[in-house]
Amino acid sequence: MPQFWLLKCEPNAYSIHDLVRDGRTKWEGIRNYQVRNFLRDTMEVGDLGVFYHSNAAPSGAAGIVRISQSRLADPSQFEASAAGFDPKSNRAQPTWLMCEVEFVECFAQVVALETLRAERGLAEMQILRRGNRLSITPLTEAEFDIIGRLGRSFTEAGERGIPAERGQRTRG
DNA sequence: GCCAACGTTGGC
DNA sequence: GCCAACGTTGGC
């Protein structure tokens, strides 16, 4: 049984389109203990994730990824010149972990934050809570399915991040 | 650029 | 262990 995640990234730094090009990428640079604990204790290869663009116009869900590697040591914690350098960490017991994600799907348009907020089934989603700052958060399967359905509901006519239809649609 | 919210740091 | 100061995040 896969688990489900929402992974935030600023598209200025790395976007879903970069992942389309690369196929897979290391999700490095996490320096928050709550997120580290997800990476260490919970996330497994085969889990599915929503790729979320933050600090964007519009911010929102941009596509789907799959976890292709888990529990990797983040090498930048050992690099003195790196922004995420952590002099207290050591190679025998790295403090900071990362995962690798592989591309699954790019939505025709970003499902805008405004659209996510309007969806009743997403009311409990952590990303929508005030002050949420975790870059990786768990989703329920129902939340993941709703976001996937919204992402697939765009037609070419829709141009403002507003879904053209919201009919029932099954996953896969 | 503003600002609310939250995490981290460090003095005590 | 408390808590004020500071830094970061991210929507707007």
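Chain letters run A, B, ... following the sequence lines, proteins first, then strands; residues in each count from 1.
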Check whether NZ of the Lys or CZ of the Arg A/Arg152 lies under 6.0 Å from the centre of the six-membered ring of A/Phe107 and within 45 degrees of that ring's axis.
no
A/Asn132 atom CG is separated from C/dG10 atom C1', nearest whole Å, by 10 Å
Whole-Å distance between C/dT9 C1' and A/Arg31 CZ?
16 Å
Could you tell me whether the phosphate oxygens of C/dG10, OP1 or OP2, come under 4.0 Å of any side-chain nitrogen or oxygen in A/Lys8?
yes
Using the C1' atoms of five pairs at each end, what's the angle between the two axes of the helix from B/dG1-C/dC12 to B/dC12-C/dG1, to 10 degrees?
10°
Residues A/Arg31 and A/Ser76: side-chain donor-acceptor under 3.5 angstrom
yes
Euclidean distance, atom CG of residue A/Asn55 to atom C1' of C/dG11 [Å, nearest integer]:
7 Å
Considering only heavy side-chain atoms of A/Tyr33, the closest of B/dG7, B/dT8, C/dG10 is B/dT8
Would you mind reading off the distance between A/Arg130 atom CZ and C/dG10 atom P, rounded to a whole angstrom?
15 Å
Residue mapping more 5' on DNA chain B - nearest nucleotide basis, A/Lys88 or A/Gly131:
A/Gly131
For the pair made of CG in A/Asp86 and C1' in B/dT8, what is the distance, rounded to whole Å?
13 Å
Atom-to-atom span, CG of A/Leu7 to C1' of C/dG10 - whole angstrom:
17 Å
What is the distance, rounded to the nearest whole Å, between atom CG of A/Leu134 and atom P of B/dT8?
10 Å
Taking all non-hydrogen atoms of both residues into account, name the closest pair between A/Glu143 and A/Glu124 and its distance.
OE2-C, 3.9 Å
Closest heavy-atom pair, A/Asn32 versus A/Trp96, reported as atoms and distance to 0.1 Å, is N-CZ3, 3.4 Å
Close N or O pairs between protein and nucleotides 2-6 of chain C (under 3.5 Å):
none

What is the separation between atom OH on A/Tyr52 and atom C1' on C/dG11, rounded to the nearest whole Å?
8 Å
